Asker: 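Structure incoming, see below.
Given the structure is predicted, the values throughout are model-derived calculations rather than measurements.
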Amino acid sequence: MPKQQVVVVGSGVIGLTTANKIQSTGKFNVTIVAEHTPGPLSSSDMQSTNWASPWAGAHWRAWSSNEDTFLQQIEIQTYNEMMSLAVSEPQSGISKARGTDIFEVASGMTPWYITLVEDARELSAAELPEGISYGLEYTTLLIDVPKYLVYLKTKFEASGGTIVQRCIDHIADALRVVSNKPSGHAVNTTIVVNCTGLGSRNLAGVKDSNMHPIRGQTVVVYAPAIKHTITRLGKQFSYAIPRGDGTVVLGGTAEDGDWNAQPVPSTTDLILQRAIFLEPALLPGSSEYWNIATDSKRIAELKGCIISENVGFRPMREGGVRLETQTCADPVFGSDFTVVHCYGHSGYGYQTSIAFAQRVCQMVEDVAN
């Protein structure tokens, strides 16, 4: 009996992880269709506002609040599975490291994930830099984004999955990827999984007006001394995330509704200024927290370490991630087909990817049955 066809639209971390999960069941023939695919980035990839995954830091840092138990469970599952992956498959680009979260304003409640993460330790008052009221250090995960995306792509193809690089205008166009024959049936048995992120805003058949970009500008520098990640939460949002190859991603910004795909020089300066305050060891000879954020000489010195300046767009959705099944009509042949939507992960795609993929996989199996 032939396996049922599943087409996953989108090859970001959500699409790739989801395609792998579905393919691993052995019950489906899975095809990914996407305008962009992991690997060396072309000029069109660099300018794309719809492909967020290559521009992420990335690391595991809890996004969910103490009250959001659903997202907590998603993050817990992904954390645990990525921890195992870091040990069993280091070639994946995932590795363990110490991480520190520092908060400008303490909520008065201990972060929920203090009981999840390994070797958690609250910072003492003496350890807190100026302007910080709470800090937590723990063992977390670093994700070398270029390496991890290629790992997911390679794993998918090795298991029999197919990738078609193509831009589609309508969600129903995904049906034509696996068959050139018109459907004469009332229902098309191909299941489409929509993981198009910000692309869902303009994709015909979806056109989700709740989607909007959160612009993020980052600077990648060469700073091999940095082995741990640190994030400042508050008005001066900033982070330093090493990738394990000597490069460190510095950020960041969170500019709602800004579509500018070009790095802004003044923003680069601000990122570097905050980064030196956050992690003085970015520059040789620094070991203590640095409190003079206007030292132009140090900023100029760090500029000499820049590898690249990047801009990405977090796929933010009002109302949160869209995770649901929908029956759609093919506008060409009139037949119905099923779409499973999974998009709108904003800035927490990597740290929730595995658990969301598992849920989508279950939804696809339920549809098939």
Asker: Indicate whether the side chain of Gln236 and that of Ser238 have a donor and an acceptor atom separated by less than 3.5 Å.
Answerer: no
Asker: Determine, stepwise, if the pair Lys153 / Glu157 fulfils salt bridge (charged side-chain N to carboxylate O under 4.0 Å, His left out).
Answerer: CA-CA 6 Å; Lys153 175 178 180 284; Glu157 291 178 318; 3.5 Å; yes
Asker: Are side-chain heavy atoms of Pro111 and Asp101 found at a separation under 4.5 Å?
Answerer: no
Asker: Is the closest side-chain donor-acceptor distance between Ser346 and Arg317 under 3.5 Å?
Answerer: no
Asker: Tell me whether Glu127 is salt-bridged to Arg121, with the criterion being a basic N under 4.0 Å from an acidic carboxylate O.
Answerer: yes
Asker: So Pro242 and His228, do their side chains get closer than 4.5 Å, heavy atoms only?
Answerer: no
Asker: Can you confirm whether or not the ring centre of Tyr343 sits under 6.0 Å from the ring centre of His345?
Answerer: no
Asker: Which of parallel (below 30°), tilted (30 to 60°) and perpendicular (above 60°) describes His59 and Tyr239?
Answerer: tilted
Asker: Could you pull out the closest heavy-atom pair between Val7 and Thr190, with the gap in Å?
Answerer: CG2-CG2, 3.9 Å
Asker: Distance alone, cut at 3.5 Å: any donor-acceptor contact between the side chains of Asp68 and Gln72?
Answerer: no
Asker: Does Arg322 pair with Glu324 as a salt bridge, N-O distance under 4.0 Å?
Answerer: yes
Asker: Would you say that Val33 contacts Val8 through its side chain, given a criterion of any heavy-atom pair below 4.5 Å between the two side chains?
Answerer: no
Asker: Does any part of the side chain of Thr100, heavy atoms only, come nearer than 4.5 Å to the side chain of Leu136, both counted from C-beta?
Answerer: no
Asker: What pair of heavy atoms forms the shortest contact from Met82 to Ser353, and how long is it?
Answerer: CE-OG, 3.9 Å
Asker: Under a 3.5 Å distance rule, please check whether Ser200 uses its side chain to pair with a backbone N or O of Asp208 as donor and acceptor.
Answerer: no
Asker: Under 3.5 Å, is there a donor-acceptor pair between the Gln73 and Gln77 side chains?
Answerer: no
Asker: Can you tell if the side chain of Ile226 reaches within under 4.5 Å of the side chain of Ile241, non-hydrogen atoms only?
Answerer: no
Asker: Is any side-chain heavy atom of Arg176 closer than 4.5 Å to one of Val332?
Answerer: yes
Asker: Any luck finding a side-chain donor-acceptor pair between Glu365 and Thr25 under 3.5 Å?
Answerer: no
Asker: I'd like to check Gln217 versus Val264 (side-chain heavy atoms, cut-off strictly below 4.5 Å). Are they in contact?
Answerer: yes
Asker: Do Asn20 and Ser159 get their side chains close enough for a donor-acceptor pair, meaning under 3.5 Å?
Answerer: no
Asker: Mind telling me whether Tyr138 and Trp60 have parallel, tilted or perpendicular rings, with 30° and 60° as the class edges?
Answerer: perpendicular
Asker: Determine the sole option in Glu279, Glu130, Glu104 for which the salt bridge (Lys or Arg N to Asp or Glu O under 4.0 Å) test with Arg232 is passed.
Answerer: Glu104
Asker: Closest approach of Val248 and Leu282, non-hydrogen atoms and distance?
Answerer: CG1-CD2, 4.5 Å
Asker: List the steps, then state whether side chain to side chain donor-acceptor pair (under 3.5 Å) holds for Tyr113 with Asn66.
Answerer: CA-CA 9 Å; Tyr113 55 94; Asn66 281 16; over 6 Å; no
Asker: What I want to check is whether the side chains of Glu75 and Tyr348 have a donor and an acceptor closer together than 3.5 Å.
Answerer: no
Asker: Between Arg166 and Glu35, is the closest basic N to carboxylate O distance under 4.0 Å?
Answerer: no
Asker: Search all heavy atoms of Ala106 against all heavy atoms of Ser133 and return the closest pair with its distance.
Answerer: N-OG, 2.8 Å
Asker: Taking side chain as C-beta onward, heavy atoms only, is Met109 less than 4.5 Å from Glu67?
Answerer: yes
